[in-house]
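Single-structure report; data block below.
What you see is a predicted model, and the numbers here were worked out from it, not measured in a lab. What you see below is based on every heavy atom in this structure, not just the backbone, and it leaves out hydrogens, waters and symmetry mates.
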Amino acid sequence: MIFKRNIKSEYEERLKKSFPKELYSDLNEVLKILPLDKNLVKLCDGQTHKVDNLIHELELNIEFNNETLIIPSRLYFNEPNPELEKSLTDKQKDILNCIYLRHHNGYLREKRLNLISDNSEKWTVPFIIQLIGEYVYELLPVIEKKINKNTLDYYVDFIDENPKYWQQTESRMISYWNEYYRCKFPKLKDYLGFEIVNRIKKRKQNNGYK
């Protein structure tokens, strides 16, 4: 795997492109506490390794309220100092948690997803919806709580803006079910990822009316 070497300011600029401009003031406070200058990282094997690039070069382009956001495929930097994290506002904490939903460690993604409010704001959708198309089943029960009657229309708006991406997400969900979970859930309709996708599609078919 080839990584491009970035300095801290370049990392910050890439992360800023992941969020709407209206959040930049809060995002800047979050960026201050991220350990982007430390490339000794604890990876999934529990060992500390030197990582040449803390943000993978692969990116996802999505549309959000007529802005193009560019979200990294995977992040490798460590979590911030807990004491610094406590100093953030609730909105800033949700920004931080969304950033770590792109982390390479599935356990950390699950932890951060749980920390996001069940009645989260619309800008969290691009980060949460991406997890539906990943292989970690343990994320799905948490996602199910996030995509609820108070937030469901946000997801409908998102897939209206990003139909190709939504189709790819649904296809990945089915592929991972077939590869890893078909024995446990022989029928696709019983797989939680499918139920979540169906909930969003049914809401879209109803044109957003309750």
Side-chain angles (χ1 to χ4, degrees), residues 1-62 64 67-117 120-121 123-140 142-143 146 165 169 172:
M1 186 182 296
I2 299 174
F3 289 95
K4 182 178 70 175
R5 186 177 298 277
N6 287 330
I7 59 174
K8 182 179 179 180
S9 61
E10 291 175 330
Y11 290 142
E12 291 175 341
E13 285 305 308
R14 289 188 65 192
L15 291 173
K16 286 180 75 171
K17 292 177 182 177
S18 302
F19 292 88
K21 291 182 175 61
E22 65 179 278
L23 294 177
Y24 277 13
S25 176
D26 287 302
L27 177 57
N28 285 333
E29 295 304 308
V30 175
L31 293 176
K32 289 177 184 178
I33 72 167
L34 294 180
L36 299 175
D37 54 351
K38 296 179 174 61
N39 65 346
L40 291 177
V41 178
K42 186 176 182 180
L43 298 182
C44 291
D45 62 2
Q47 302 299 313
T48 299
H49 300 266
K50 183 178 180 181
V51 176
D52 289 332
N53 196 339
L54 297 178
I55 301 179
H56 198 284
E57 58 189 10
L58 291 180
E59 297 173 323
L60 168 70
N61 287 29
I62 61 102
F64 181 82
E67 282 186 67
T68 298
L69 306 183
I70 305 174
I71 301 175
S73 171
R74 281 287 179 258
L75 309 174
Y76 296 88
F77 46 85
N78 293 317
E79 293 183 276
N81 182 310
E83 290 304 312
L84 294 176
E85 189 170 338
K86 288 178 183 177
S87 69
L88 299 176
T89 66
D90 288 344
K91 176 178 281 191
Q92 291 164 2
K93 287 175 181 175
D94 266 353
I95 292 173
L96 178 71
N97 292 325
C98 281
I99 289 173
Y100 280 96
L101 292 187
R102 303 314 316 135
H103 201 270
H104 74 98
N105 187 318
Y107 293 107
L108 202 157
R109 294 200 299 279
E110 182 181 1
K111 167 189 168 183
R112 291 292 174 171
L113 181 61
N114 269 302
L115 291 174
I116 293 174
S117 167
S120 55
E121 295 189 53
W123 49 264
T124 64
V125 170
F127 296 89
I128 295 174
I129 203 169
Q130 193 166 2
L131 301 175
I132 298 173
E134 294 192 356
Y135 63 91
V136 183
Y137 180 85
E138 288 75 13
L139 295 172
L140 295 177
V142 190
I143 295 169
K146 308 302 177 189
Y165 168 72
T169 301
R172 283 195 296 268

Point to revise | Any pair counted as side chain to side chain donor-acceptor pair (under 3.5 Å), so long as it reaches residues 15-26, sequence neighbours left out | key: D26-Q92
Practice item. Applying side chain to side chain contact (heavy atoms under 4.5 Å, CB included), name anything that partners V41, two or more places apart in sequence or on another chain. Key: L43, V51, L54, N78
Exercise for review: Measure the CD1-CZ distance between I70 and R14 for me, rounded to the nearest 0.5 Å.
Suggested key: 9.0 Å
Point to revise | E134: partners by salt bridge (charged side-chain N to carboxylate O under 4.0 Å, His left out), with sequence neighbours left out | key: R74, R102, R109
Check your understanding: Which is it for L101 and L113 under the side-chain contact (heavy atoms from CB on, under 4.5 Å) test, yes or no, and what are the steps along the way?
Key -> CA-CA 7 Å; L101 292 187; L113 181 61; 3.8 Å; yes
Check your understanding: In terms of ring plane angle, is the pair H104 and Y76 parallel, tilted or perpendicular, where the classes change at 30° and 60°?
Key -> parallel
Point to revise | Qualifying residue, where the test is side chain to side chain contact (heavy atoms under 4.5 Å, CB included) with L15 and the options are V30, L75, I95 | key: L75
Review point. Between OG1 of T124 and CD of E121, what distance do you get to the nearest 0.5 Å?
Key: 8.0 Å
Review point. Considering only heavy atoms from C-beta outward, does the side chain of N81 approach that of P35 to under 4.5 Å?
Key: no
Practice item. Find the distance between CG (L131) and CD (E110) and round it off to the nearest 0.5 Å. Key: 10.5 Å
Check your understanding: How long is the span from the CH2 atom in W123 to the CZ atom in F64, to the nearest 0.5 Å?
Key -> 9.0 Å
Check your understanding: Residues two or more places apart in sequence or in another chain: which of them pass side chain to side chain donor-acceptor pair (under 3.5 Å) with E12?
Key -> none
Point to revise | Gap separating the SG atom of C98 from the CD1 atom of I71, nearest 0.5 angstrom | key: 9.0 Å
Practice item. Under the side chain to side chain contact (heavy atoms under 4.5 Å, CB included) rule, collect the residues that match up with E79, sequence neighbours excluded. Key: Y100, L108, K111, R112
Check your understanding: If you measure from CG on N97 to CG on L115, what distance do you get to the nearest 0.5 Å?
Key -> 5.0 Å
Practice item. Would you please name every residue forming a side chain to side chain donor-acceptor pair (under 3.5 Å) with E138, sequence neighbours left out? Key: none
